[in-house]
Amino acid sequence: MLKGEFLFVNLEASKNFKPRVFVIVESAATIIKKYLSLRPASTPHRRFFVNYQKGRCTTQPIGINKIGKFSTIIAQYLGLPNPHE
């Protein structure tokens with residue numbers, strides 16, 4: 001829920017069964033709201049990140065291995081030396 005300049009996030013279920021609450025500042029909250037608007041309404045799960053293919057989001061969730069490759073993809077895009085490191 002967006003309140004003023006912040007996005008308040010409440011995670012009820014966690015690995016150690018303790019609820020977590022955190023705040024996201026306005027600049028990141030704007031990006032998150034845009035991302036959420038692109039997600040298909042028919043997504044059958046509650047995972048935050050979904051796959052993006054052919055210019056649109058799919059309902060398939062992104063797994064740990066794909067998230068782990070993000071730093072390499074970003075480094076390649078930026079033209080950094082040794083992006084696999």
Side-chain angles (χ1 to χ4, degrees):
M1 121 182 30
L2 190 61
K3 292 184 177 182
E5 299 178 2
F6 304 98
L7 182 64
F8 294 91
V9 179
N10 181 16
L11 301 176
E12 296 177 2
S14 68
K15 176 165 76 168
N16 61 2
F17 304 106
K18 291 184 181 178
R20 303 284 185 211
V21 177
F22 59 95
V23 178
I24 300 173
V25 296
E26 181 179 13
S27 57
T30 303
I31 294 168
I32 291 170
K33 284 182 68 175
K34 183 175 180 182
Y35 175 78
L36 288 173
S37 72
L38 296 173
R39 286 172 52 102
S42 61
T43 303
H45 53 81
R46 296 184 61 181
R47 292 169 76 178
F48 184 71
F49 294 109
V50 293
N51 199 20
Y52 183 81
Q53 288 182 338
K54 299 179 184 175
R56 62 188 187 96
C57 290
T58 67
T59 60
Q60 179 183 17
I62 288 180
I64 192 169
N65 293 322
K66 185 148 187 171
I67 290 173
K69 293 177 185 176
F70 286 166
S71 60
T72 302
I73 294 168
I74 292 168
Q76 288 173 339
Y77 177 79
L78 294 174
L80 298 177
N82 303 320
H84 297 290
E85 294 178 3

State plainly whether one hydrophobic cluster holds both [X] and [Y], where clusters connect Ile, Leu, Val, Met, Phe, Trp and Tyr through side-chain heavy atoms under 4.5 angstrom apart.
| X | Y | answer |
| --- | --- | --- |
| F70 | F49 | yes |
| V25 | F8 | yes |
| L38 | L7 | no |
| I32 | V9 | yes |
| V21 | I24 | no |

Is there a donor-acceptor pair closer than 3.5 Å between any side-chain N or O of [X] and the backbone N or O of [Y]?
| X | Y | result |
| --- | --- | --- |
| H45 | Q60 | no |
| Y35 | F48 | yes |
| T58 | Y52 | no |

Rounded distance (nearest 0.5 Å) linking atom [atom1] of [X] with atom [atom2] of [Y]:
| X | Y | atom1 | atom2 | value |
| --- | --- | --- | --- | --- |
| I73 | L78 | CD1 | CG | 12.0 Å |
| S71 | E85 | OG | CD | 11.5 Å |
| R20 | K18 | CZ | NZ | 6.5 Å |

Contact summary for [X] and [Y], nearest pair of heavy atoms:
| X | Y | answer |
| --- | --- | --- |
| T43 | T59 | CA-CG2, 3.9 Å |
| I62 | R47 | O-NH2, 3.1 Å |
| P40 | C57 | CG-O, 3.6 Å |

task = Starting from the C-alpha separation in whole Å, work towards a yes-or-no answer on side chain to side chain contact (heavy atoms under 4.5 Å, CB included) for N65 and I67.
result = CA-CA 5 Å; N65 293 322; I67 290 173; over 6 Å; no
task = Under the side chain to side chain contact (heavy atoms under 4.5 Å, CB included) rule, what do N10 and F22 come out as? Steps first, then yes or no, please.
result = CA-CA 7 Å; N10 181 16; F22 59 95; over 6 Å; no
